[in-house]
Amino acid sequence: MVVWTDFERATIQDVFSKIDAQSVGQQALSRCLVVYPWTQRYFGKFGNLYNAAAIAGNQMVAAHGLTVVRGLEKAAKNMDNIKATFTDLSKLHSEKLHVDPDNFKLLADCITIVISASMGASFTAEVQAALQKFLSVVISALGMQYH
Ligand code: HEM
């Protein structure tokens with residue numbers, strides 16, 4: 001089981017209560033699709049992902065970015081049970097979507113960058129450490145159903 005300090009627990013609750021989920025989700029998923037263009041292959045039904053401007057204006061990217069952040073919020077509300085919380089989501093990404101799990105880390109890094117930019121000076125090294133630990137646990141949970 002993952003051990004969380006009081007600071008880590010408080011920080012994760014604070015971060016997810018403060019961020020604009022819609023904006024962070026859209027920006028993070030857009031960034032991932034631009035910086036790591038091979039991730040576009042999973043989103044064939046999203047239509048035009050031709051360049052950064054098209055990705056930024058794509059409403060399906062925006063909607064899905066929000067879905068991803070909602071998933072993270074669920075993990076933040078279940079910090080002692082992230083693995084069980086994400087069993088079905090892991091199965092979906094593995095068995096149905098066939099997402100290469102290396103990509104989880106790439107999207108997580110984009111989420112970190114976008115949250116950092118949105119929080120400014122309050123995104124201290126300690127806050128970053130707590131967020132990265134949380135995202136590592138999420139990535140590990142998402143990878144559990146890969147065999
Ligand atoms: C769907 C979360 C990473 C590709 C989803 C859904 C959630 C989610 C909550 C919706 C599931 C449902 O409809 O029941 C996450 C989280 C991630 C992550 C928290 C990591 C931080 C990725 C990555 C990719 C990916 C890296 C591909 C590069 C997809 C696709 C769908 C999906 C293609 C289905 C979209 C659709 O059909 O509309 N994800 N995901 N996910 N995810 Fe992820």
Side-chain angles (χ1 to χ4, degrees), residues 1-4 8-119 123 125-147:
M1 207 186 100
V2 183
V3 177
W4 301 101
E8 287 165 344
R9 285 181 193 280
T11 299
I12 296 307
Q13 300 316 314
D14 190 50
V15 166
F16 284 96
S17 71
K18 276 190 187 139
I19 59 167
D20 176 341
Q22 167 80 61
S23 163
V24 166
Q26 173 173 27
Q27 289 185 61
L29 183 57
S30 296
R31 191 175 277 259
C32 183
L33 293 167
V34 172
V35 179
Y36 311 110
W38 58 89
T39 58
Q40 293 175 18
R41 73 191 296 271
Y42 303 103
F43 300 99
K45 69 172 191 191
F46 281 17
N48 183 359
L49 303 174
Y50 187 64
N51 55 30
I55 290 169
N58 185 307
Q59 287 313 300
M60 292 184 80
V61 171
H64 190 62
L66 179 59
T67 299
V68 170
V69 176
R70 294 288 181 235
L72 296 176
E73 287 171 349
K74 199 170 165 196
K77 288 198 182 92
N78 294 279
M79 282 180 72
D80 292 317
N81 220 356
I82 295 181
K83 194 170 128 184
T85 305
F86 275 179
T87 303
D88 289 349
L89 203 55
S90 177
K91 274 205 182 96
L92 179 80
H93 285 82
S94 162
E95 291 169 19
K96 186 158 177 252
L97 301 170
H98 306 294
V99 172
D100 180 338
D102 287 355
N103 293 315
F104 296 145
K105 169 92 172 99
L106 304 180
L107 178 57
D109 286 347
C110 290
I111 291 166
T112 302
I113 290 166
V114 170
I115 289 180
S116 161
S118 83
M119 286 180 61
F123 194 78
E126 289 90 346
V127 170
Q128 180 179 348
L131 182 62
Q132 288 198 183
K133 178 172 168 182
F134 172 74
L135 291 172
S136 298
V137 176
V138 164
I139 290 166
S140 161
L142 279 174
M144 291 304 292
Q145 300 300 318
Y146 282 75
H147 305 292

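Order of listing sets the numbers, starting from 1, for every ligand and every atom in it.
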query = Are Gln13 and Ser17 close enough that a side-chain donor and a side-chain acceptor fall under 3.5 Å?
reply = no
Looking at [atom], what's its closest protein heavy atom, distance included?
atom                    : value
atom 2 (C) of ligand 1  : Leu89 CD2, 3.8 Å
atom 24 (C) of ligand 1 : Val99 CG1, 3.8 Å
atom 4 (C) of ligand 1  : Phe43 CZ, 3.4 Å
atom 17 (C) of ligand 1 : Leu142 CD1, 3.6 Å
atom 30 (C) of ligand 1 : Leu97 CD1, 3.5 Å
atom 13 (O) of ligand 1 : Leu92 CD2, 4.7 Å
atom 26 (C) of ligand 1 : Asn103 O, 3.4 Å

Validation row: [X], [Y] side chains within 4.5 angstrom (heavy atoms):
X      : Y      : answer
Trp4   : Val137 : yes
Ser118 : Asp20  : no
Leu131 : Leu135 : yes

Nearest non-hydrogen atom to [atom] belongs to which of [options]?
atom                    : options                     : answer
atom 28 (C) of ligand 1 : Tyr36, Phe86, Tyr42         : Tyr42
atom 36 (C) of ligand 1 : Glu73, Met60, Lys45, Arg41  : Lys45
atom 35 (C) of ligand 1 : Lys105, His64, His98, Lys96 : His64

Numbered atoms of ligand 1 (with element) below 4.0 Å of Thr67, judged on heavy atoms = 6 (C), 7 (C), 9 (C), 10 (C)
inquiry  = Assess the residue pair Ser23 and Gln27 against the criterion (side chain to side chain donor-acceptor pair (under 3.5 Å)); give the C-alpha distance rounded to whole Å, side-chain angles, the decisive distance to 0.1 Å, and a yes or no.
reply    = CA-CA 6 Å; Ser23 163; Gln27 289 185 61; 2.9 Å; yes
key: Whether Asn58 side chain and Asn48 backbone form a donor-acceptor pair below 3.5 Å   = yes
task = Check for a donor-acceptor pair, side chain of Thr87 on one end and backbone N or O of Ala84 on the other, with a separation under 3.5 Å.
result = yes
task = May I ask you to check whether His93 has an N/O atom sitting below 3.5 Å from an N/O atom of ligand 1?
result = yes
inquiry  = Parallel, tilted or perpendicular, judged at 30° and 60°: which one describes the rings of Phe104 and His93?
reply    = perpendicular
